[in-house]
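Okay, structure first, notes after.
Along the sequence shown, residues are numbered consecutively beginning with 1. Indexing begins at 1, ligand by ligand and atom by atom, following the structure's order. Any value given below was found using the heavy atoms of this structure, including those in side chains, with hydrogens, waters and symmetry copies removed.
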Amino acid sequence: MRRVDRKAADLGESGWNAILAPRESQQVLDQDIECDYLVVGAGFAGLSAARRLRQLDAGAGIVILEAQQVASGPAGRNSGFMIDLPHALASGSYAGESSKDLRNIRMNRAAIAFAADNVREFGFPAECFDPCGKINAAACRVGSAHNESYARHLDTIAEPYELLDATAMRDTCGSVYYRGGLFTPGTAVIQPALYIRSLADALVKQKSCQLYENSPLLELARVGERWRASSTSGSVTASRVILAVNGLIETFGFYRRRLMHINLYASMTRELEAWELDELGGAKRWGFTPSDPIGSTLRRIDGSGGTRLVIRNRCTYEAGLSLPEDRLQTIRRDHERTFKARFPKLKQVEMEYCWSGRLCLSRNEVWALGELEDGLFSACCQNGLGTTRGTIAGIVTAEMASASSEQSLVPDYRSEAQPQRLFPEPFMTLGARAVIRLKEWRAGKEL
Ligand SMILES: Cc1cc2nc3c(=O)[nH]c(=O)nc-3n(C[C@H](O)[C@H](O)[C@H](O)COP(=O)(O)OP(=O)(O)OC[C@H]3O[C@@H](n4cnc5c(N)ncnc54)[C@H](O)[C@@H]3O)c2cc1C
């Protein structure tokens, strides 16, 4: 029997969720039920796994258990860039080895196509998903150098891009902060909370699966040929179980001391008023990722919550998964500074929401994915690019669990080595924090 022994809390309310109309949660699990497949976790990996299972096995009973309300966790807290190109957060640049990059690009595009199919087939609202590309924004000489070397790498793998000068950047975002940018067309930007809510609700409405929210899995036991998963006031017995809980797989006793738990932080402004938009100028919507991977991500959005700006920067390493309660006070100040430096014309605009969220990396940048024990699968450790890589992990694991002979939607997936062991504590935490601080300091104006 495995007990889930730790809880991780994200701080602050995600602006993405808060600006949407309140959603009624699905029921809490309060009885003992049986099914063919149990999926634990309703993020990108879990919902994609459930969706793929339904495609592969039309008659199967599929249950999803989610510890919180859908989209309250990291899946509803991220910046919403479903990026097709290599984007290793932990590296000094985005460029990698060409043949590996090409395979990753094909996999990322398969995930974006899968999300686009969901949007089309279930008729999600348009603001859910916009295949509009993104810009790697550069604010200083170092940032421009990153963009230039990334452009050279894109040349070698024949990927299209456009280099933008300071005027084009100002025309896009209304700020003179940036000296250049590199546009690539293959990214889709999503409203993450809306996409996740829409996918969960569509799966329930289509009777594709039963979803239980606010129903954490607390114990997992092998009973004969099956698995019994117990929550607070009910249980699910299933032939196959997919754990899609990202870094929290460690709380189930798997991959111990092999996963790095990183917290990222984001803020969203209040809705901008009409005169502020006139003052700002620029395009109605845009998305900037940083030219230096440790720098700031920015978006301008104009959906159901009105026009707002969203910032993401700062990251911290938290081996113990939890965060000090007052962490967001410093982060909010940092985000206000970031915002005012870029948009001095909007210095009166305050951040309405500020929040944290977790992601999970492995030292050797591999997934924690595969069959752990007979009938028990992991679709975890997305290494940063979790909207895309979580979707891939869900699809691939569903295909493994169903043992389907159908053609894979991600034919480029290859099984990988295990996540490498971390260095012993306290060296791991000290080292990771020192590296992050050094990279943040070096990022200068890009942060
Ligand atoms: C501020 C921020 C910005 C980011 N920006 C981007 C971005 O622009 N692009 C990108 O690709 N990625 C981004 N990410 C990363 C991305 O959000 C994650 O990698 C992604 O959410 C991982 O998806 P997942 O489905 O594997 O896990 P999660 O989204 O973490 O979902 C796992 C789910 O499992 C549930 N769960 C956990 N334990 C249990 C249990 N015992 N029982 C039942 N349920 C359980 C959790 O409540 C959660 O809902 C960002 C993250 C943050 C925090």
Geometric N/O contact [X] with ligand 1, under 3.5 angstrom:
{"X": "R77", "value": "no"}
{"X": "L248", "value": "no"}
{"X": "Q382", "value": "yes"}
{"X": "M82", "value": "no"}
{"X": "G357", "value": "no"}
{"X": "T387", "value": "yes"}
{"X": "F81", "value": "yes"}
{"X": "Y265", "value": "no"}
{"X": "F44", "value": "yes"}
{"X": "S79", "value": "yes"}

Non-hydrogen atom of A45 closer than 4.0 Å to ligand 1 =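 For ligand 1, residue contact (heavy atoms, under 4.0 Å) with A45 is present.
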For ligand 1, is there an atom lying under 4.0 Å from some heavy atom of G384?
->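 Under 4.0 Å: yes for G384.
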Nearest neighbour of atom 22 (C) of ligand 1 from the list I249, T391, N246, L65, on a heavy-atom basis =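 Looking at heavy atoms only, N246 sits closest to atom 22 (C) of ligand 1.
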Where the closest heavy atom to atom 42 (N) of ligand 1 is concerned, which of L264, V39, L217, L359 has it?
->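 Of the listed residues, L217 has the closest heavy atom.
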Quick one: do R23 and D201 make a salt bridge, cutoff under 4.0 Å?
->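 Counted as a salt bridge, because a side-chain N and a carboxylate O are separated by less than 4.0 Å.
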Protein heavy-atom partner closest to atom 51 (C) of ligand 1 - residue, atom, separation in Å =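 Protein heavy atom with the smallest distance to atom 51 (C) of ligand 1: N78 CB, 3.6 Å.
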For atom 46 (C) of ligand 1, what's the nearest protein heavy atom and its distance?
->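 Result: E66 OE2, 3.4 Å.
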Hey, what do you get for CD (E121) to CD (Q55), rounding to the nearest 0.5 Å?
->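 These two atoms lie 7.0 Å from each other.
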Evaluate the ring planes of F122 and F124, with Trp represented by its six-membered ring, and classify them as parallel (under 30°), tilted (30 to 60°) or perpendicular (over 60°).
->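 Judged by the thresholds at 30° and 60°, the geometry between F122 and F124 is parallel.
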